[in-house]
Number of protein chains: 2
Amino acid sequence: MGPKRQPTLDEVAARAGVSRSAASRVINNARHVSQAKREAVERAVAELGFVPNPAARALANQQVGAVVLALSHHDPALFTDPFFAQIILGVNAELEKTELELLLVLADTAQGQTRLQRILRSRRADGVMLMALHGDDPLAALADQHDIPVVFGGRPLHAEPRWYVDADNRGGSRLATEHVIGLGRRHVAVITGQMDTEAATARHRGYLDAMAVAGLDPARVEHSDFTEPGGAAAMTRLLAVHPEVDAVVAGSDAIAAGALRALKAHGRTVPGDVAVVGFDDLQTALHTDPQLTTVHQPVHGLGRELAKMLLSLIAGEQPHPLILPTRLVRRASA
Amino acid sequence: MGPKRQPTLDEVAARAGVSRSAASRVINNARHVSQAKREAVERAVAELGFVPNPAARALANQQVGAVVLALSHHDPALFTDPFFAQIILGVNAELEKTELELLLVLADTAQGQTRLQRILRSRRADGVMLMALHGDDPLAALADQHDIPVVFGGRPLHAEPRWYVDADNRGGSRLATEHVIGLGRRHVAVITGQMDTEAATARHRGYLDAMAVAGLDPARVEHSDFTEPGGAAAMTRLLAVHPEVDAVVAGSDAIAAGALRALKAHGRTVPGDVAVVGFDDLQTALHTDPQLTTVHQPVHGLGRELAKMLLSLIAGEQPHPLILPTRLVRRASA
DNA sequence: GGGAAAACTGGGAGCGCTTCCAGTTGGAAC
DNA sequence: GTTCCAACTGGAAGCGCTCCCAGTTTTCCC
């Protein structure tokens, strides 16, 4: 920590022997600067190690040079899910191409909500990405209340936002269900995530779709959260109520991992006695025993598209909502 | 997105019938404001929904109201480790008590490095938390190059930063090793993380400490990265070279999980044939089969302490480096 | 009731950068 | 040589907020 103040544009201009305006034009490589002055300024910039002050820039420009990624989840433990890590990586990958910084807001608590509100109101960012909304989430309404672009990752339960990126949850889940039915399983159960999320309900619908087409009874259902312990607990309940179950379509890989553990504890073999299909296709799916047959959703891509959509919105374009395809990945568990 | 411009301090002042200075004093609840004016201003603020513009504030104040958490890792996949999620949660928990925003920088690529440089130079943040440095990491040197507080999470390999928070890696690893020795194991191996990290080398040293005390041969060592596949590969190598191994001290839970998988694949039972001890005590440790005996390190707490240290540094205090205790958690694998 | 100390008050000068605008310049065309 | 136009140039006015400071009002003692 040496107290060296950063040089200002004025100092750069002085050193280069030009006016501040000219220097500014060079920095922003605008037109109307002669080659000579441009080079002089560039030299001065390099020599002084000048970096424009973002606060001053933001003030003059009315743009901040930062966007926020808000992760809304009621349970901090959920943030531990590699899903979010992949989203962040995806967003980051896209942002790295720009000069924009990433503000991370964990809007789980009431604290976080207020925080996000404040950010929106005060123009601390040029745009917002909002992830994983629960049904009662007040964040959803925030979008059109403020003069700032907001894109959604996934959809809120009871609203269709103007801009969002989502995965084809329903289609993917249908694929998964069809797969186990194709395997000859007839007592197919489903373990959902929180039903106050769009993802969980859509995946449940996919299951219903497939079961209806096959003419099978879709009544074997347990609700859970998106965690491993939740999945294990749900599986245990399922075995108690429907001991005949011979396949499980899980709402996520974590749930499937939990189900696997519970099945093993109850002496059932996988996929022998019970076939299990997950959803997400994260690293976890490779580390279970047996490895998980699962529905792949492009999580990293979702993050990237989220960022891209926001960028194009900030650039004044009018992007279309996006639904990314999902596909079945066959491994050992089904 | 309604184009409602946010009100400015001037408008608030006008509405409250006071000067801008007075209004500013109220906002920052400084002294020298009569009760009457204070209330008038507060009313105006509420009515107008005024929120101070951070850019203007930053410009006038010379403080930004944001800190950055920089995660340096050479492999994006590593970021997926729940370890980082916990760190982020811990940091966030502490930051929520303040008005500071969190800037997330993934400094894995050269891009990220430049980015961090730029942030430091341009005073885009009031402080920096730097995590997980590899030995050759140029980030380490950044600390004292700029007039901005920097605290380290973990230590760089060849440097002792002025301010850091770390876990007692050496002590924890020694505990783990002593534990398996106490179990009667004599052919104790170690699988390390990347040896260009301080954490991995310190944990290796802990193993050496315990082996020396017990008078055992500390030569069974394999190096790996901190991932599950890495752990599995290392375990396989270990079995090939030292088939007599009866205990493994792993450099992380992920490594241990991989080792477990490899052991099972090679027909060894755990803990029967081989005892396995992990390090971290993250969720993963509960989801392996058998559940992992492991060294607990307070990751969330590490994040919190990291943030607290930075805050106190920003507040002008001189905090001391901190080493958080680790402890052995006994479960089924050893 | 007088005087000094304490408590307010608002004007104004920045913080560092962008950008409008009224000039200048330098050629090319005539 | 003019004339004109496009390409430059730099002064100046902000962007919204903080804070110093000189001036004004209150409050408090004796």
Would you please name every residue forming a side chain to side chain contact (heavy atoms under 4.5 Å, CB included) with B/P161, sequence neighbours left out? B/F152, B/R155, B/P156, B/Y164
Using salt bridge (charged side-chain N to carboxylate O under 4.0 Å, His left out) as the criterion, list what pairs up with B/E11, not counting sequence neighbours. B/R5
Treating A/S24 as the side-chain partner and A/R20 as the backbone partner, does any N or O pair qualify as donor plus acceptor under 3.5 Å? no
Does B/R15 have any side chain to side chain contact (heavy atoms under 4.5 Å, CB included) partners at least two apart in sequence or in another chain, and if so, which? B/A44, B/E47, B/L48
Just to be sure I understand the geometry, which residues of residues 29-38 of chain B put a non-hydrogen atom under 4.0 Å away from DNA chain C? B/H32, B/V33, B/S34, B/K37
For nucleotides 16-18 of chain D, give me every protein contact, N/O to N/O, under 3.5 Å, one pair per line with atom names.
| unit_1 | atom_1 | unit_2 | atom_2 | d |
| --- | --- | --- | --- | --- |
| D/dG16 | N2 | B/A56 | O | 3.3 |
| D/dC17 | OP1 | B/N53 | N | 3.4 |
| D/dC17 | OP2 | B/L9 | N | 2.4 |
| D/dC17 | N4 | B/R20 | NH1 | 3.4 |
| D/dT18 | OP1 | B/N28 | OD1 | 3.2 |
| D/dT18 | OP1 | B/N28 | ND2 | 3.1 |
| D/dT18 | OP1 | B/R57 | NE | 2.9 |
| D/dT18 | OP1 | B/R57 | NH2 | 3.3 |
| D/dT18 | OP2 | B/S24 | OG | 2.8 |
| D/dT18 | O3' | B/N61 | OD1 | 3.4 |
| D/dT18 | O4 | B/R20 | NH1 | 2.7 |

Axis-to-axis angle across the helix from C/dG1-D/dC30 to C/dC30-D/dG1, five pairs each end, nearest 10 degrees, ~ 30°
Sort me out a list of protein N/O and nucleotides 22-27 of chain D N/O pairs below 3.5 Å, or just none if empty.
none

Find every protein N or O atom lying less than 3.5 Å from an N or O atom of nucleotides 23-26 of chain C, and list the pairs.
none

Modelled atom types, side-chain donor and acceptor of B/Q62 and B/R57, under 3.5 Å: no
Start with the C-alpha gap between A/L324 and A/V165, add the side-chain angles, then the distance that decides, and say whether side chain to side chain contact (heavy atoms under 4.5 Å, CB included) holds. CA-CA 7 Å; A/L324 301 176; A/V165 182; 4.0 Å; yes
Return the CZ to CD1 distance between A/F84 and A/I88, rounded to the nearest 0.5 Å. 8.5 Å
Are B/R304 and B/N92 linked by a side-chain donor-acceptor pair shorter than 3.5 Å? no
Go through the structure and list residues passing side chain to side chain contact (heavy atoms under 4.5 Å, CB included) with B/A56, not counting sequence neighbours. A/L59, B/N53
Salt bridge (charged side-chain N to carboxylate O under 4.0 Å, His left out) partners of A/E305, counting only residues at least two apart: A/K308
Heavy-atom donor-acceptor pair, B/D126 side chain to B/V64 backbone, under 3.5 Å: yes
By salt bridge (charged side-chain N to carboxylate O under 4.0 Å, His left out), A/K37 pairs with (sequence neighbours left out) none
Donor-acceptor contact present, side-chain A/N28 to main-chain A/A30, <3.5 Å: no
A/R115 and B/E101 ion-paired at < 4.0 Å: yes
Salt bridge (charged side-chain N to carboxylate O under 4.0 Å, His left out) with A/R38: which residues, sequence neighbours excluded? none
